[in-house]
Amino acid sequence: MEILSTESNDEAPELVTNFEVLQLLSSHKPKKKSHPQSHVDWIKDHVQSHLKTTPCASIKKDDLPPLIQQLQHEFGLTSAETLQIVNFMPRESVELFLIIKDLPSRLSEKRQEELLALIASCTHDSKQKDTANKEDVMENGDASVMLQEKEQNDVVVKTEEPS
């Protein structure tokens, strides 16, 4: 990641992914906290805390450069579309429609599935696999037990359906 210069010029700044911002903030060592937290430190802490809850926190560092290369060259995505894919790491084709302009004319359904498989291969998010397993149980399984998952607090509540 390149730090942008403070000189004013007509060039557009480089696009920086949420992953790169998180890496930068994680590598920054905080100063001794003998004085009250400054505004800059407070902002850094809150941005880092937020980014840890987003999909960018589940990206494997070594997989990012090849992912970007494949998105742009094999799938023909623009820099802005690639940035959004890396930041949001979509899991379903409906999410791709929000990111990629004219998706049906640019990528067939098969290519969309290949794209989603590529994206999934670059994450190590076990929560995604657990959620998929729970959805399979709900579709195929026990009608007497309904699972409700509250994403915000990661709490699973089991309730019996009335007979």
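Just so it is clear, the model here is predicted, and its values are computed rather than measured.
A search for salt bridge (charged side-chain N to carboxylate O under 4.0 Å, His left out) contacts involving E114 returns R111, not counting sequence neighbours. For Q48, the side chain to side chain donor-acceptor pair (under 3.5 Å) partners two or more places apart in sequence, or in a different chain, are S26. Considering only residues two or more places apart in sequence or on other chains, C56 meets the side chain to side chain contact (heavy atoms under 4.5 Å, CB included) condition with N18, F19, L22, L51, T54, I59. For S121, the side chain to side chain contact (heavy atoms under 4.5 Å, CB included) test picks out L118, with sequence neighbours left out.
The closest donor-acceptor contact from the side chain of H50 to the backbone of H46 lies at 3.5 Å or more, if one exists at all.
Hydrophobic clustering places F75 together with M89 (ILVMFWY residues linked when any side-chain heavy atoms are closer than 4.5 Å, directly or through intermediates). Put simply, L83 and L107 are part of two different groups of oily side chains (I, L, V, M, F, W, Y) that touch within less than 4.5 Å, one to the next. In the hydrophobic clustering of ILVMFWY residues, with side-chain heavy atoms under 4.5 Å counting as a link, L15 and I68 come out apart.
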Only distances under 3.5 Å count here; give the side-chain donor-acceptor pairs of residues 95-105 to other protein atoms, sequence neighbours excluded, each with its distance to 0.1 Å.
from	atom 1	to	atom 2	distance (Å)
E95	OE1	R91	N	2.6
E95	OE1	E92	N	2.9
S105	OG	D102	O	2.9

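For the pair S93/L116, a side-chain contact is recorded, criterion being any heavy-atom separation below 4.5 Å from C-beta on.
Taken from CD in Q70 to CG in L77, the straight-line distance is 11.0 Å, to the nearest 0.5 Å.
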Let's go through L71 and L115 carefully: what are the C-alpha distance in whole Å and the side-chain angles of both, what is the deciding distance for side chain to side chain contact (heavy atoms under 4.5 Å, CB included) to 0.1 Å, and is it a yes or a no?
CA-CA 8 Å; L71 291 173; L115 176 57; 3.2 Å; yes
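Listed by first and then second residue, the salt bridge (Lys or Arg N to Asp or Glu O under 4.0 Å) pairs involving residues 61-82 are E81-R106 (not counting sequence neighbours).
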